[in-house]
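Note that this is a predicted model, so its numbers are computed, not measured. Counting starts at 1 for both ligands and their atoms, following the listed order.
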Amino acid sequence: MAQHSFPELSSGAGRSLLRGVREHLVSDVCAGCRARPGALCDLCSQYLRARVERITVAGVGESAALTVHATAPYDGPVREALVAFKEHGRWSLREPLGVGLARAVADLLTAAADPTRVCLVPAPSTSAARRQRDGDHVRELARVATSTLRRLGVDARVVPAVHSIRRRQDQRGLNRTERLVNMSGSMAARVDVPSLCNTVVVDDILTSGATLAEMLRALSAVGVLPLGACVVAATPDRHGVRAGNR
Ligand SMILES: [Zn+2]
């Protein structure tokens, strides 16, 4: 089949149009069960309202173990929704998934000395991933999470303080050790994180913990010690150490 190019669709307005068309084609079927109407139906949304899980991830080198607050297991309707959001352009899922992320952050804030303020630092995407996926998914989730937290009276903001400083291999197919090596030294942080803010690093999915560990390393290198880490979903035990459900 002949390949056509649509240069007018490479603009911001064009991408927005494509997004809208894609969304329209699938928007009447739940991404979780593909049976009921809505972006994520009420039944499938229940999986994002279960008890937040606290998972201990083994440290890297000299660093201490990391506790990650996860809204749901990466399974069933939540997994389907995250795949549809990231890989298939279902941007309407940012709302239920971002609200789910806010639940994990709220759970983490219960341990904060001042739970009324939080700065969410999203895991940085590579420029290739942003182009391929037509946006920055984790930052979008962080935006929805901060809006949700603000409605609950928390002074919440997104601070994209960590960025990639070199290309890294796609993590899929790598084991934990390979992921840690792949991530090591791949990020850097800005020093302008508000000093009084509870800094929380956020990502969509916890797999090996390598991304979050590298974010924490980059932040600590500029003197920022995050309160913790939060994700929408965590894969089954592949993280080194599991604390189990609380
Ligand atoms: Zn459903």
Side-chain angles (χ1 to χ4, degrees), residues 15-55 68-108 120 122-123 125 129-130 132-152 154 156 158 170-172 200 202-208 211-212 229-239 242 244-246:
R15 284 196 298 274
S16 176
L17 176 63
L18 273 179
R19 236 189 227 184
V21 169
R22 271 200 305 254
E23 194 66 46
H24 177 72
L25 290 173
V26 295
S27 61
D28 58 340
V29 181
C30 167
C33 61
R34 298 178 191 154
R36 289 177 284 273
L40 196 66
C41 73
D42 284 347
L43 275 176
C44 291
S45 296
Q46 294 291 334
Y47 290 88
L48 289 166
R49 298 186 200 123
R51 190 170 53 186
V52 172
E53 189 180 10
R54 298 177 184 178
I55 299 161
V68 182
H69 293 236
T71 305
Y74 185 57
D75 199 7
V78 173
R79 180 186 180 127
E80 295 294 328
L82 278 165
V83 170
F85 175 57
K86 287 178 68 171
E87 311 297 342
H88 305 307
R90 290 201 62 177
W91 286 90
S92 59
L93 289 162
R94 89 185 100 191
E95 189 67 27
L97 295 171
V99 171
L101 180 62
R103 290 188 62 250
V105 177
D107 187 64
L108 173 59
L120 300 187
S125 59
R130 284 196 299 278
Q132 185 183 350
R133 295 168 173 170
D134 195 22
D136 189 329
H137 286 73
V138 179
R139 196 179 294 194
E140 291 290 323
L141 293 177
R143 286 194 182 116
V144 173
T146 52
S147 299
T148 305
L149 291 162
R150 281 198 293 271
R151 286 196 292 275
L152 298 173
V154 179
V158 179
D170 189 330
Q171 297 272 74
R172 285 174 291 195
V200 174
V202 297
D203 202 355
D204 50 1
I205 303 163
L206 170 68
T207 305
S208 65
T211 301
L212 295 173
C230 293
V231 296
V232 176
T235 58
D237 187 3
R238 289 174 56 191
H239 317 301
R242 288 294 284 261
N245 295 340
R246 69 186 166 81

Determine all donor-acceptor pairs shorter than 3.5 Å in which one atom belongs to a side chain in residues 30-38; sequence neighbours excluded.
unit_1	atom_1	unit_2	atom_2	d
R34	NH2	E80	OE1	2.7

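- Between L97 and L48, some side-chain heavy-atom pair lies under the 4.5 Å cut-off.
- Protein N/O/S atoms closer to the Zn ion (ligand 1) than 2.8 Å number 4 in this structure.
- For T146, the side-chain contact (heavy atoms from CB on, under 4.5 Å) partners at least two apart in sequence or on another chain are L120, R150, A156, V158.
- Checked by atom type and distance alone, the side chain of T235 pairs as donor or acceptor with a backbone atom of L206 at under 3.5 Å.
- Legend: residues meeting salt bridge (charged side-chain N to carboxylate O under 4.0 Å, His left out) with R139, ordered by chain and number and at least two apart, are D136.
- Counting heavy atoms from C-beta outward, L212 and D203 have side chains that approach closer than 4.5 Å.
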